[in-house]
Amino acid sequence: MKMGYVLAGILLAAIGGQVLAEPSTQVAWTPETLKFVRNGDPEKGKAIAESCDACHAATPENAESEFPYLQGQTATYLYKQLHDYRSGSRSNEIMVGISAGLSDQDMADVSAWYSRQPPPPAKKEEEVPDRIRKLVDRGDGARIIPPCSVCHGRAGESQVLDTPVLAAQKAAYLEQTMLAYKSEARHNDIYKRMRLIVQQLSDDEIKQLARYYAGLER
Ligand code: HEC
Ligand code: HEC
């Protein structure tokens, strides 16, 4: 574990100044913003979520779709993503359109609602190879890849403020969004934390990591 923090430190130091020049998001986690998100009203959020559930509900019908689960995700992560779609920091035709109709308050409210919903079921496939578990728990010093667990938690439960829960997320979504970081089509990760990591991973490792997390209970 300690090694993980060291590696993460090296990674952050290595990428230092250059990326600060161009902000990848307009969300800054000041105490005010944090308080604002934490005070989101889940009951108001519930009404908004009725228009989201066509795609995001954790129903068996939706299980095979590419739409990510939002249930049990952290409110801070959800809020940042909605804000990023609206500001153009993260692109996706559907979500950019939808977020345009949401105020900051709506975003805090709907994030509060989804973060409190029961988690989706994990979808466990066959065991992933040991080398994938190693990437998660220990990283790879040779490629300067910190362990995923340093930021995402040992069980994919989210460890650091703005990192998402990965456990039980759909494998297809996890894979396509990591590939999007790799090609920089997705570039809303502050300090390039995810882009620098996945650019060191092969497409097969990305696929296996996605399957690994999809199989963990949230
Ligand atoms: C027509 C289908 C559709 C509807 C309706 C919809 N979404 Fe989405 N949503 C998507 C898709 C597709 C993605 C993945 C986009 C991408 O890859 O960037 C997504 C992604 C997201 C994400 C990012 C999740 C993550 O793990 O990064 C959030 C947050 C989100 N939607 C919230 C909402 C909210 C809140 C609403 C309702 C106000 C909503 N969505 C309505 C299709 C939809
Ligand atoms: C230094 C911290 C850090 C490490 C280490 C890290 N991540 Fe992340 N990860 C983040 C942050 C922060 C985000 C959210 C960025 C954003 O706002 O788009 C993220 C987002 C993601 C997402 C997008 C989830 C979604 O719902 O869209 C995936 C998938 C992911 N990480 C997988 C991994 C895997 C697999 C590893 C290990 C190989 C890893 N991460 C290592 C910090 C980290």
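Owing to the predicted nature of the structure, the values given are computational and were not obtained by experimental measurement. Ligands are counted one by one from 1 in listed order, and the atoms in each one are counted from 1 as well. If you read the sequence from its start, that first residue is 1, and numbering goes on from there.
Residue-ligand proximity, Cys55 to ligand 1, at heavy-atom distances under 4.0 Å covers atoms 1 (C), 2 (C), 3 (C), 4 (C), 5 (C), 43 (C). Close contacts of ligand 1 with Val110, meaning ligand atoms under 4.0 Å from a residue heavy atom, involve 35 (C). Every atom of ligand 2 is numbered from 1 in the order shown, and the set under 4.0 Å from a heavy atom of Cys151 is 1 (C), 2 (C), 3 (C), 4 (C), 5 (C), 42 (C), 43 (C). Short contacts between ligand 1 and Gln176, defined as distances under 4.0 Å to a heavy atom of the residue, involve ligand atoms 17 (O). Heavy-atom proximity to Arg90, at under 4.0 Å, picks out these atoms of ligand 1: 16 (C), 17 (O), 18 (O), 23 (C), 25 (C), 27 (O). For ligand 1, the atoms sitting less than 4.0 Å from at least one non-hydrogen atom of Ile94 are 1 (C), 2 (C), 3 (C), 42 (C), 43 (C), numbered in the order shown with element in parentheses.
Residue Asn188 places a heavy atom under 4.0 Å from ligand 2. At least one heavy atom of Ser51 sits less than 4.0 Å from an atom of ligand 1. Within the 4.0 Å heavy-atom cutoff, Tyr181 counts among the residues contacting ligand 2. Heavy-atom distances between Tyr85 and ligand 1 reach below 4.0 Å in at least one pair. The shortest separation from a heavy atom of Tyr191 to ligand 2 is not under 4.0 Å, leaving the residue out of contact. Using a non-hydrogen distance threshold of 4.0 Å, Leu174 registers as a contact of ligand 2. Not a single heavy atom of Glu205 sits under 4.0 Å from any atom of ligand 2.
Protein heavy atom at the shortest distance from atom 29 (C) of ligand 1 is Leu78 CD2, 3.7 Å. Looking only at protein heavy atoms, the nearest one to atom 36 (C) of ligand 1 is Cys52 SG, 2.7 Å. Looking from atom 14 (C) of ligand 1 to the surrounding protein, the closest heavy atom is Pro68 CD, 3.7 Å. The closest protein non-hydrogen atom to atom 27 (O) of ligand 1 is Tyr77 OH, 2.6 Å. The shortest contact between atom 12 (C) of ligand 1 and any protein heavy atom is with Phe67 CD2, 3.3 Å. Nearest to atom 28 (C) of ligand 1 among the protein's heavy atoms is Leu70 CD2, 3.7 Å. Regarding atom 30 (C) of ligand 1, its nearest protein heavy-atom neighbour is Met95 CE, 3.4 Å. The protein atom (non-hydrogen) at minimum distance from atom 31 (N) of ligand 1 is His56 NE2, 3.0 Å.
In the model, Tyr181 has no side-chain atom that pairs as donor or acceptor with a side-chain atom of Arg195 under 3.5 Å. Under 3.5 Å, the side chains of Thr25 and Asn188 contain no donor-acceptor pair of N or O atoms. Thr163 and Ser158 share a donor-acceptor pair across their side chains, judged by distance under 3.5 Å alone.
Residue Leu135 does not touch ligand 2, judged by heavy-atom distances below 4.0 Å. With a 4.0 Å cut-off on non-hydrogen atoms, Thr25 does not touch ligand 2 at all. Residue-level proximity to ligand 1 for Thr177 is absent, since no heavy atom of it falls below 4.0 angstrom.
Screening Glu126, Glu175, Glu127 for a side chain to side chain donor-acceptor pair (under 3.5 Å) with Arg211, the sole residue that qualifies is Glu126.
Side-chain contact between Gln71 and Pro119 is absent, with no heavy atoms from C-beta onward closer than 4.5 Å.
Cation-pi geometry between Lys170 and Phe67 is not met at under 6.0 angstrom from the ring centre and within 45 degrees of the axis.
Remark: ligand 1 and Tyr114 share no N or O pair separated by less than 3.5 Å (distance only, no angle test).
One finds no salt bridge joining Arg154 and Glu157 here, because no Lys/Arg side-chain nitrogen approaches an Asp/Glu carboxylate oxygen to under 4.0 Å. Ion pairing of Arg131 with Asp204 is present here, as a side-chain N (NZ or NE/NH1/NH2) and a carboxylate O approach within less than 4.0 Å.
For atom 34 (C) of ligand 2, the choice among Cys148, Ser149, Ala210, Gly139 with the nearest heavy atom turns out to be Cys148.
Listed here is the closest heavy atom pair of Leu102 and Arg86: O-NH1, 2.8 Å. Considering all non-hydrogen atoms of both residues, Lys182 and Gln199 come closest at O-NE2, 3.2 Å.
With a cut-off of 2.8 Å, atom 8 (Fe) of ligand 2 has an N, O or S atom of Met194 in range.
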